[in-house]
Structure formats: C-alpha cells, structure tokens
Amino acid sequence: MLNSVQLFGLVLLGGLAAGELSRRLLSLPRTTGYVVFGLLIGQSGLNWITPLHVDSAQLLIDLALGLILFELGYLVPRTGARDGLNRLLAGIGIALASGLLMFAVFTFWGFSPRAAIFVSALCLATSPAITIATCSDVGAKGERTGLLYTMVAINGGVAFTAVALMTPFLTDAATLGDATRLADALDSIGASLLLGGVCAGLVLVAAGRLGRQVEHQHLLILGCIVLGVGTAIHLEVSVFLPMLIFGILVQTCDRKQKVVAIRIASDARVFMVVTFVLAGAALDIVYLQQFWPEALLIVLIRLTGQFLAARLAGRRLGLSQRESLLLSVGLQPMSSVALVLLVNTQMLYSGMPPMLVGILMATILLMQLFGPLATQTAIKGFGEATRLVPKRLDTPATPST
C-alpha cells in the first residue's frame, strides 16, 4: 500500500503522463486524460485511491476549486453597461431554460419537487476547470471565448445561489419551519457575497501598494483565497460563490490593471491536475453502466434548453444560429463542484433517493469524460483555437523584373 505522500506524487506524475498521452496521441484535451487516470487508480479500477483518501484531501480540493472559481470570475471580460446587461439576462435565461427542462424530467420520473430542484441546480453549473484548462491548452483567444467564460460564470452563479437556497430545505431537522429555512438560506447567500467583496477589496488595496510584482501578488491572491475558503468553512456557507464573486469584482474594479492574477493552467497547474484526478477517482463507473440512458437524456435535455435560450438571445449577443449552437456545446462540461455539493448535502439529508444520486453521478462522469471535447469543439468552431491552427507556409516573394 502506498502512503499519502506517495499517492500525491502518483497523482501528479500519472496525471501529467495521462494528460500528455491524451493530447499527443488522441488529440483530446489533457483534462480527459486526467479524469481517465483517476478512474484507473480509483474505486472503478485499481482502488489505490479510496473514498477515504478523497475525504482526507477535501481541504486541498476546496482550495483548488476556490482558485479555479476566482480565475473564472477574473476571466470574465469587462464590457459596457448595455452589453453587460444583455449578457447577464441571456446567461440567466440559458440557466433557467435548461434548469426547468431538467426539473420537468426529474419530477416526471417521480422524484419530489425539492429534490428535483436541488439536483437540477447541481446540473446547471458548467465546469470552470474544464473550460479554463481546455481554453488554455488550445490557446483560445477572442470575443467568443470571452462570451463563453461569461456564460460559464453566470451558470455557476445561478447554480450556486439555487443550491444555497435549497440546501436548508433538504435538512432532516423537522422542527425548522419554511420561514426559518428561507432566512438561513438568505443569510448564507448574503455572507457569501460579503466575503467575496471583502477578499476583492483586500486584493485591490494591497495590489496598489505592492506594485506589479508577480511573485508577491500571486502570494497575495493565494493567501486571500485560502483565507476566504477557510472563512467560508468556518461560517458554514458556500465555498464556491464567494470565490466566483471575488474574481468578478477584482476584474471589474481593477480599471488600472494593478492586479497580476494567478493562472491555474500555468502558475498553479498542480491544483488542476489534483482536482481532475481525484474527481475521477471519486466517481464509480458502475453508476454510468447502470444509469447511462438517464444520464444521456439529461445531457440532451440540458443541451436543448441551453441552445433554445441561446438562440432566442442570439441577436442580443450578436450570435448566428451556428454560433449559438457552438456556445451551447461549449457549456456542456458538468462541474465537479456538483460532486462536492452532492456529498456535502448527503451528510445533511439522508432522504436523497439512491436512484437520483446514481443518475447524477452517471451524468457527472459522462460529462467529465466528454465535456472537454465539447469545449474544444466549440472553441475550434469559433475559430479562436490559436494553438490548433496549422502554421501557413510563407509564400515566396515574387522576384522583381
């Protein structure tokens, strides 16, 4: 048996090798290789990484996801007030359309409305880690990439807010009334917003004093993320919503570009590799074998709702029908945050139907495997994958006569 330090080294080196093989031999995103390696050494394969190992690494996972969500918020491009409002309304519409369709499916299958709302909210979030990593790997640059980041951030914000609203209603405490549960939910959301704002204010003020010193600013940002995650855990509020707000506020308020943001795909790749490998290790392929028809239906319903809403908002966003479809495809990766939130909720609510958990696990696994390819396809379709564009041969100059 390997000890914890050896396992950590195995995760890093094995993830690195699997990612490179995925990219170089199969032309797939590196993140697909990370997840497959996690499946190989997790409970679906060799069982070298057990659920106990994943639980013991939960703090590291929370920190990694906090850093990823901060960067997602920071990557949301600044726009004018009118364009920003159009994107916000379109993003909310995309999230609500897919969420309502999934809620209808879950209730048709006989699950309670509260459980159906909660699981639909979990399915809303597009994976920020897959989006960031895949865009980095293919060198995504351009207006449509910025729009994709914006839609992913809005999806995440809606999903995390909905989960925070629903979580108190799923607890087993029978003595709590609905008014008390709603008050607890609103307090949690308010504390998350305040915490994100405090972290952003601290970074903006300190960055002005430090100047553009990369190593010091990265230490500043990482320290604020660690402090923010720790404070969220202490306050028993969402770890994810404050970090997303943190990144958005820093990007929006940093008009003079004093902040040198940390990039997880380059400066802190170790966190990304660990997140994907452990997510793969925590998932059991048995769920996919058992519930693949339901998982595939959820994926199709989710894509349909996103495309219909994106098409309706196409004129507002300046998108053609083809670009609306590509944007919807790019939103397909499901977030491993859903896995963390599901596990945390199961600790509070013992009445979650096993079949519903199985369907959600199967859907997450399916889109952890194929989601990176969906994002890569969208970026290539937009024509913004600079690292996948073949270099043109220089045309020889015509000799003068």
Side-chain angles (χ1 to χ4, degrees), residues 69-101 121 124-128 131-132 135 140-162 165 189-190 192-194 196-197 199-201 203-204 207 240-259 261 302-332 375 378-379 381-386:
L69 287 164
F70 165 80
E71 183 172 352
L72 172 64
Y74 189 81
L75 288 170
V76 173
R78 284 194 295 266
T79 61
R82 182 175 180 179
D83 287 341
L85 179 60
N86 285 336
R87 291 187 174 197
L88 177 62
L89 293 176
I92 293 174
I94 289 171
L96 291 180
S98 58
L100 288 173
L101 286 178
L124 285 183
T126 300
S127 172
T131 305
I132 293 170
C135 287
K141 293 180 181 179
E143 182 181 349
R144 296 297 181 249
T145 300
L147 178 62
L148 178 61
Y149 283 134
T150 303
M151 294 299 109
V152 173
I154 294 173
N155 265 1
V158 173
F160 302 150
T161 302
L165 280 172
I189 294 171
S192 296
L193 296 176
L194 179 60
C199 290
V203 165
L204 290 168
F240 311 116
L241 186 58
M243 295 299 102
L244 180 61
I245 297 298
F246 176 17
I248 291 174
L249 289 178
V250 169
Q251 170 67 298
T252 303
C253 299
D254 185 26
R255 297 289 181 178
K256 297 182 179 179
Q257 297 185 338
K258 295 180 179 179
V259 177
R302 187 168 174 260
L303 174 61
T304 300
Q306 290 169 337
F307 171 66
L308 291 176
R311 188 70 191 101
L312 287 174
R315 181 176 297 178
R316 180 180 294 158
L317 297 175
L319 298 177
S320 65
Q321 181 172 337
R322 176 177 176 274
E323 288 175 326
S324 297
L325 177 59
L326 288 171
L327 177 64
S328 303
V329 170
L331 292 173
Q332 289 316 293
T375 300
I379 298 300
F382 289 143
E384 296 181 352
T386 60

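Here the structure is a predicted model, which is why all the values come from computation and not from measurement.
- Taking 4.5 Å as the limit, some side-chain heavy atom of F382 sits within range of a side-chain heavy atom of L327.
- Atom CG of L193 sits about 10.5 Å away from atom CG of L244, to the nearest 0.5 Å.
- Residue L194 holds its CG atom at 9.5 Å from SG of C199, rounded to the nearest 0.5 Å.
- Summarising the geometry, atom CD1 belonging to I245 is positioned 14.5 Å from atom CZ belonging to F240; distances are rounded to the nearest 0.5 Å.
- Residue A200 comes nearest to L249 through the heavy atom pair CB-CB, 3.7 Å, listed as atom of the first residue, atom of the second, then distance.
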Show your working on side-chain contact (heavy atoms from CB on, under 4.5 Å) between L148 and L331 and close with a plain yes or no. CA-CA 8 Å; L148 178 61; L331 292 173; 3.9 Å; yes

Tell me which donor-acceptor pairs under 3.5 Å the side chains of residues 308-317 have, and how far apart each pair is, sequence neighbours excluded?
none

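- Heavy atoms only, all atoms of each residue included: S98 and L124 are closest at OG-CD2, 3.4 Å.
- Every residue two or more places apart in sequence or in another chain was checked for a side chain to side chain donor-acceptor pair (under 3.5 Å) with T131, and none qualifies.
- Smallest separation of non-hydrogen atoms from G156 and A125: CA-CB, 4.5 Å.
- With hydrogens and angles disregarded, no donor-acceptor distance shorter than 3.5 Å links the side chain of R87 to the backbone of I154.
- The salt bridge (charged side-chain N to carboxylate O under 4.0 Å, His left out) test applied to R144 returns E323, not counting sequence neighbours.
- Side-chain contact check for K258 versus L204: every heavy-atom pair is 4.5 Å or farther apart.
- Contact detail for A261 and Y74: the closest heavy-atom pair is CB-CE2, 3.3 Å.
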Under the side-chain contact (heavy atoms from CB on, under 4.5 Å) criterion, do L319 and L147 qualify, and how do the steps go? CA-CA 10 Å; L319 298 177; L147 178 62; 3.8 Å; yes

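- Scored by the side chain to side chain donor-acceptor pair (under 3.5 Å) test, T145 finds E384 as partners (sequence neighbours excluded).
- Applying the side chain to side chain donor-acceptor pair (under 3.5 Å) rule to E71 yields no partners; only residues at least two apart in sequence or on another chain are considered.
- Under the rule for a side chain to side chain donor-acceptor pair (under 3.5 Å), the partners of R78 that lie at least two apart in sequence or sit in another chain are Q251.
- Between T150 and P77, the closest heavy-atom pair is OG1-CD, 3.5 Å.
- Of all the heavy atoms in A153 and L72, the pair that sits closest is CA-CD2, 3.9 Å.
- At a threshold of 4.5 Å between non-hydrogen side-chain atoms, the residues C135 and Y149 count as touching.
- Atom CD of Q306 sits about 12.0 Å away from atom CG of L96, to the nearest 0.5 Å.
- Looking at heavy atoms from C-beta onward, V152 lies out of side-chain contact with L75 at the 4.5 angstrom threshold.
- Between the side chain of N155 and the backbone N or O of T126 there is no donor-acceptor pair closer than 3.5 Å.
- With rounding to the nearest 0.5 Å, the separation of CD1 in I132 from OG1 in T375 is 11.0 Å.
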